[in-house]
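Some notes on the structure that comes next.
In this text the structure is predicted, and so the values were computed from the model without any measurement. Here is the naming used below: chain letters follow the sequence lines, and residue numbers restart at 1 for every chain.
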Protein chains: 2
Amino acid sequence: VSTSWQVDTKPVESVHPGLRALHYGDGLFETSLVRQTQVAWLERHLQRLRAGCMALRLDFSDWGGLTEELEQKAAEIGNGVIKTILSRAPGGRGYRFEAHQGVTRIVSTHPLPDYPPERASQGVRVRVCELRLGLQPRLAGIKHLNRLEQVMARAEWGDEYEEGLMLDYNGQLIEGTMTNLFVERDGVLLTPPLNACGVAGVMRSVLLDLAGQLGVQTRREVLRLADLERADGLFLCNSLAGIWPVRSVAGLAQFGTGPLTQQLQQVLSRHSGMVPGNWYSW
Amino acid sequence: VSTSWQVDTKPVESVHPGLRALHYGDGLFETSLVRQTQVAWLERHLQRLRAGCMALRLDFSDWGGLTEELEQKAAEIGNGVIKTILSRAPGGRGYRFEAHQGVTRIVSTHPLPDYPPERASQGVRVRVCELRLGLQPRLAGIKHLNRLEQVMARAEWGDEYEEGLMLDYNGQLIEGTMTNLFVERDGVLLTPPLNACGVAGVMRSVLLDLAGQLGVQTRREVLRLADLERADGLFLCNSLAGIWPVRSVAGLAQFGTGPLTQQLQQVLSRHSGMVPGNWYSW
C-alpha cells in the first residue's frame with residue numbers, strides 16, 4: 001500500500017491552502033485498520049466522528065457517502081491503514097465560522113505500521129511523559145486535530161521506549177501518546193475517565209464491550225501513578241496496535257501480562273480473526 | 001488585495017496534504033498588518049516565531065529569506081494583511097517527528113479586515129465566553145496552530161458583540177478570542193500574565209514598551225472578573241485592530257475610555273503614522 005489521498009472522493013496530490021484544519025486544527029480525524037478488504041470497527045469510527053461533529057459543530061452529513069468511500073478504499077488496498085480527516089471548509093480569515101460552512105473530507109491510505117509482534121506477545125517498555133495534558137472538557141474524548149500535546153510528548157524520547165504514559169495537570173493517569181490505558185486489578189478492568197482530556201479510542205470501546213460480554217467487571221476510575229503498585233497488570237491499546245501489555249514503566253514498576261489482558265487478547269483475536277501476539281498475521 | 005498563497009516562496013494554489021499543520025496543528029502562525037508597503041512590527045513577529053520554534057522544536061533557520069519574502073510581499077500589496085504559517089514538514093504517519101524534519105512556510109496575503117473605525121473611537125461591546133481556556137504552560141504565549149478553543153469560543157455568539165473575553169479554568173481573565181486584554185487602574189496599566197495559557201500578542205508587547213516610554217507603570221497581574229469593578233477602563237488590542245476600548249462587558253460593567261487608553265491610542269497612532277480611532281485611514 002502506497003500513500004494516496006482523496007479530497008471529497010477525488011484523487012488529489014495537494015489540498016486547498018485555506019482548509020481550517022491547516023490554520024486552526026479545526027477538524028477531526030480517524031485512523032482505521034484495514035484487514036482483508038474490511039475497515040475494522042468502521043461503525044465505531046463513524047460514531048466517534050459523529051460525536052466530534054457535534055462537539056465542533058461541524059456541518060457534515062454525507063455519512064452514507066463516507067461509508068461507501070471507506071469501504072471502497074478498503075477493498076482496493078486489502079490490508080493497510082485508512083486515515084480520514086474532516087476539516088471545516090475554507091472561509092474568511094479569522095476564527096469565526098458560518099453555521100453551514102461545510103466540511104472537506106480527506107481520505108488517505110497508508111501501509112500498516114511495522115510494529116514488531118513482540119510488542120503484543122512480550123509487552124512494551126513505557127515511560128511517564130513530562131508534558132502534562134491540559135484540562136479541556138469541551139474537547140475531551142473526541143479525536144480533534146489539535147494534537148501538539150501528543151506531538152511534544154512523543155518528542156521526549158526516541159527508540160528507548162515503545163510508548164509514553166501521559167498524566168493530566170491533576171496528576172491523573174489518562175492515556176499513552178497514541179494509545180488508551182487499562183489497568184487490571186483483582187479481576188476488575190479499570191480505565192481512566194476521559195471527561196476533561198484524552199481521546200476515547202475505538203479500541204478502548206471495543207475492549208470495554210468485549211470485557212462486558214465476558215462477564216468481566218469494568219470501571220472508569222481515576223488512576224494515579226501510585227495506583228500502579230497495586231495493579232496486577234496494565235496494557236495499552238489502539239485500533240492499529242490491538243493490545244500491548246506493559247512490561248515496565250521506567251523507574252517505577254515491572255509487570256507480567258495479567259490474566260485479563262491475556263484473555264482479552266485471545267478474545268480480540270478470535271473476534272477479529274487475528275493471531276494473538278501477532279496482530280498482522282492473519 | 002486578493003488572497004494569494006506562496007509555499008517556500010513559490011506561488012501556489014494548493015499545498016501538500018501531508019503537512020503536519022493539517023494533521024496535528026503542528027506549527028505556528030503570524031498575522032501581520034501591512035501599511036504603506038511595510039510590515040508593521042516585523043521584527044516582533046519574527047521574534048515570536050523564533051520563540052515558537054524553540055517551544056515546538058521546529059527546525060527553521062531561513063530567517064533572512066523569510067524577512068525578504070515578507071518585505072517583498074508587503075511592497076507588492078501596499079496595504080493589507082500577510083499571514084505566515086510555519087508547519088513542520090510532511091513525514092511518516094504518527095506524532096513522532098525527526099530532529100531535522102524541516103519546516104514548510106506558507107505566506108499568504110489578504111485584504112484588510114473591514115473593522116468599523118467606531119470600534120477604536122467609541123469602543124466595543126464584549127461578552128464573557130463560556131468556554132474556559134485550558135492550562136498548558138508548554139504551549140502558552142506562542143502562536144501555535146492548535147486554535148480550537150478560540151474557534152469554539154468565537155462560535156458562542158454572532159454579531160451582537162465585537163469580541164469575547166476568555167477566562168482560564170482557574171477563573172483568571174486571560175485575553176479575548178483574537179485580542180489581548182489590558183486593564184487601566186489608578187494610573188497603572190495591568191495585563192494578565194500568560195504563563196499557563198493565552199497568546200502573547202505583538203501589539204501587547206508594543207503597548208507595554210510604549211507605556212514604559214511614557215513613564216506609565218505596567219504590571220503583569222492576575223485579574224478576575226471581580227477586578228473589573230475597580231477598573232478605570234479596559235481595552236483589547238492586536239496587530240490588525242490596534243486598540244479597542246471596551247464600552248461594556250455584557251451583564252457586568254460599563255466603561256468609558258480611560259485616560260491611559262486614550263494616551264496610548266494617540267501615541268500608537270503617532271508611532272505608526274495612523275489616525276487614532278480610524279486605524280486604516282492613513
Side-chain angles (χ1 to χ4, degrees), chain A residues 3 5-7 12-27 29 31 55-57 81 83 85 87-88 92-97 99 106 108 110-111 113 130-139 144-155 158 169 177-178 196-197, chain B residues 3 5 7 12-27 29 31 55-57 81 83 85 87-88 92-97 99 106 108 110-111 113 130-139 144-155 158 169 177-178 196-197 240:
Chain A
T3 301
W5 306 86
Q6 291 190 177
V7 169
V12 298
E13 291 185 355
S14 59
V15 298
H16 193 296
L19 282 177
R20 286 173 63 107
L22 183 74
H23 292 258
Y24 308 126
D26 190 4
F29 73 112
T31 306
L56 301 189
R57 294 166 56 179
V81 174
K83 183 166 179 176
I85 293 178
S87 167
R88 207 179 313 269
R93 210 187 43 71
Y95 297 127
R96 187 174 181 174
F97 62 85
I106 305 175
S108 55
H110 307 266
E130 284 164 38
L131 188 146
R132 301 275 188 110
L133 291 165
L135 307 181
Q136 182 49 270
R138 288 281 297 275
L139 300 175
H144 58 69
L145 296 170
N146 278 200
R147 291 296 155 205
L148 273 174
E149 290 183 325
Q150 283 73 24
V151 168
M152 297 317 296
R154 183 58 189 86
Y169 268 92
T177 64
M178 59 166 194
C197 58
Chain B
T3 301
W5 306 86
V7 169
V12 298
E13 291 185 355
S14 59
V15 299
H16 193 296
L19 282 176
R20 285 175 62 107
L22 182 75
H23 292 258
Y24 308 126
D26 189 5
F29 74 111
T31 307
L56 300 189
R57 294 170 54 183
V81 174
K83 182 166 180 177
I85 292 178
S87 166
R88 208 180 312 268
R93 210 188 41 75
Y95 296 128
R96 186 173 182 175
F97 61 85
I106 305 175
S108 56
H110 308 265
E130 282 165 40
L131 187 145
R132 301 276 187 110
L133 291 165
L135 307 181
Q136 183 45 273
R138 288 281 297 275
L139 300 175
H144 57 71
L145 295 170
N146 277 198
R147 292 295 156 207
L148 274 173
E149 289 182 327
Q150 283 73 24
V151 168
M152 295 318 295
R154 182 59 189 86
Y169 269 91
T177 64
M178 58 166 196
C197 59
L240 301 185

Tell me whether [X] contacts the main-chain N or O of [Y] through its side chain, where contact means a donor paired with an acceptor under 3.5 Å.
X     : Y     : result
A:D26 : A:L19 : no
A:H23 : B:A21 : no
A:R20 : A:Y95 : yes

Compare all side-chain heavy atoms of A:I106 with those of B:L22 and state whether any distance is below 4.5 angstrom.
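With C-beta onward as the side chain, the pair touches.
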Among the options [options], pick out the one with the most heavy-atom pairs lying under 4.5 Å from chain A.
options               : result
B:M178, B:R57, B:H144 : B:R57
B:G94, B:A153, B:G134 : B:G134
B:S87, B:P137, B:G18  : B:P137
B:L56, B:L133, B:I85  : B:L56

Pick from A:G158, A:C197, A:G92, A:A99: which one has the most heavy-atom pairs with chain B under 4.5 Å?
A:G158
Contact leader toward chain B among A:G25, A:S14, A:P17, where contacts are heavy-atom pairs under 4.5 Å
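The candidate making the most pairs under 4.5 Å is A:P17.
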Quick check on [X] against chain A: is it the side chain, the backbone, both or neither that has a heavy atom closer than 4.5 Å?
X      : result
B:R147 : both
B:L145 : both
B:V81  : side chain
B:L135 : backbone
B:S108 : neither

Is A:L148 close to chain B through its backbone or its side chain, or both, or neither, when contacts mean heavy atoms under 4.5 Å?
both
Of the options B:V151, B:L139, B:N146, which is the one that meets A:N146 in a side-chain contact (heavy atoms from CB on, under 4.5 Å)?
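The side-chain contact (heavy atoms from CB on, under 4.5 Å) with A:N146 is passed solely by B:N146 among B:V151, B:L139, B:N146.
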If you measure from OH on A:Y24 to CD on B:Q150, what distance do you get to the nearest 0.5 Å?
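Rounded to the nearest 0.5 Å, the OH-CD separation comes out at 10.0 Å.
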Pick one: which of B:E149, B:R132, B:Q136 meets side chain to side chain donor-acceptor pair (under 3.5 Å) with A:Q136?
B:E149
Please confirm whether B:R88 makes a cation-pi placement over B:F97, using NZ or CZ under 6.0 Å from the six-membered ring centre and within 45° of the ring normal.
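Yes, B:R88 and B:F97 form such a contact.
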